[in-house]
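Chain A is the first sequence line, chain B the second, and so forth, proteins listed ahead of strands; every chain is numbered from 1.
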Number of protein chains: 2
Amino acid sequence: MTIKEVSEKFHISSDTLRYYERIGMLPPVNRTDSGIRDYTNEDLNWLELILCMRNAGLQIEAIIEYVKLYSMGDATFEARLALLKEQREKLLCQQAQIIKALDRLSYKISRYEVAVKTGSLSWDNEKC
Amino acid sequence: MTIKEVSEKFHISSDTLRYYERIGMLPPVNRTDSGIRDYTNEDLNWLELILCMRNAGLQIEAIIEYVKLYSMGDATFEARLALLKEQREKLLCQQAQIIKALDRLSYKISRYEVAVKTGSLSWDNEKC
DNA sequence: TATTGACTTAGAGTAAACTCCAAGTAATAT
DNA sequence: ATATTACTTGGAGTTTACTCTAAGTCAATA
């Protein structure tokens, strides 16, 4: 698969794909004789995992570290486990922050829905 | 309340507090005669809201816009409602991404927990 | 009184994650 | 054969959100 096809499949620019590979977040991709990238199924699996994690907010550094450990083989199971657990903790924190903000947003929204109808905002202990 | 006290109360640097005010994310704070910031309760309420939203990942621009609308008074109820709804949508998307990533992380973690014990990673349809 | 420390501003610097550009090579359509 | 398009690399530029520095004012302590 060419870089363009991959770029379209995952809605991500070719520049970003090259960037990910250059910094070691995506393992090195095979090339044709003339040096053009030819993504394999395994590359796509990696990419899918990477994008899932990036979309959730994992930092690039953490993903690079995981890819590095993976490339070092079976001796790194424990390190990979630790890394994954650490990242899960971070996501759980982030999730908690989002839930808090969503609660607050929903409360505000319900107040503003009334305000739009009645023309005045009901009293609230926190104004803003 | 001085900038330092606020900074300590919210675990955020004085620089960041000044920055937030300068860019209009925090409404202008009252000053003493000599020009030193003196945060009121209302300032703290704003700050608390702002930090809740920032911690969840809301962009500064959106918060600035909300503060601006708020300062314009009752004529902006609808605009504020629209803004809040838009931000809620964004957070819901982000939350969904996090849940996806957490599912995947948890699955990987359980596989690696076995791998660490047995010394080999069980087969998986997506390797990486 | 001297100096230490907190505060002020404007503006420069930094980190993360892209995103774009220039210059060149390769493949393809006419 | 030529023109167009896609690809390559290395490096520069951009955006977001801070973070730091310099130069100066003000308050409090030795």
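Taking the ring centroids of B:Y20 and B:W46, they lie at or beyond the 6.0 Å cut-off.
A:L17 places its CG atom 14 Å from the C1' atom of D:dT8, with the value rounded to the nearest Å. For the pair B:I64 CD1 and D:dT15 C1', the computed distance is 14 Å after rounding to whole Å. The nearest whole Å value for the distance from the CE atom in A:M1 to the C1' atom in D:dC7 is 17 Å. Nucleotide D:dC18 holds its C1' atom 19 Å from the NE2 atom of B:H11, rounded to whole Å. In this structure, the CD1 atom of A:I23 is 16 Å from the P atom of C:dA15, given to the nearest Å. Atom CD1 in B:I60 sits roughly 5 Å away from atom P in D:dA17 (whole-Å rounding). Rounded to whole Å, the distance from CG on A:L26 to P on C:dC18 is 13 Å. The distance between atom CD1 of A:I36 and atom P of C:dG24, rounded to the nearest whole Å, is 18 Å.
In terms of position along DNA chain C, the nucleotide closest to B:E5 lies nearer the 5' end than the nucleotide closest to the other residue of the pair B:E5 and B:R22. Taking the nucleotide of DNA chain C with the nearest heavy atom to each of A:T32 and A:T16, the more 5' of the two is matched to A:T16.
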- Please walk me through it: do A:D43 and A:T40 pass side chain to side chain donor-acceptor pair (under 3.5 Å)? CA-CA 5 Å; A:D43 293 329; A:T40 66; 3.2 Å; yes

- Message: Working note: B:N30 + B:Y39, criterion side chain to side chain donor-acceptor pair (under 3.5 Å); need CA distance, chi angles, decisive distance, verdict.
- Response: CA-CA 7 Å; B:N30 275 345; B:Y39 291 81; over 6 Å; no

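Using a 4.0 Å cut-off, no side-chain N or O of B:R37 falls inside it from OP1 or OP2 of C:dC7. Look at A:R18 and you won't find any side-chain N or O under 4.0 angstrom from OP1 or OP2 of C:dA17. In terms of phosphate contacts, B:R31 brings a side-chain nitrogen or oxygen within less than 4.0 Å of OP1 or OP2 of C:dT9.
Nearest to the side chain of B:I3, among C:dC7, C:dT9, D:dC26, sits C:dC7. With D:dC20, C:dT8, D:dA17 as the candidates, the nucleotide lying closest to the side chain of B:D15 is D:dC20. When distances run from any side-chain atom of A:Y20 to the nucleotides D:dA17, D:dT9, C:dC18, the shortest one goes to C:dC18. Closest contact between the side chain of B:Y19 and the listed nucleotides D:dA17, C:dT8, C:dC18 involves D:dA17. Of the candidate nucleotides D:dT19, D:dC26, D:dA17, D:dC26 has the atom nearest to the side chain of B:S34.
Looking at heavy-atom distances under 4.0 Å, A:T2 makes contact with sugar-phosphate atoms alone, never a base.
Looking at B:E113, its side chain never comes within 3.5 Å of a backbone N or O of A:L81 through a donor-acceptor pair. With A:R88 contributing its side chain and B:S106 its backbone, the two residues share no donor-acceptor pair below 3.5 Å.
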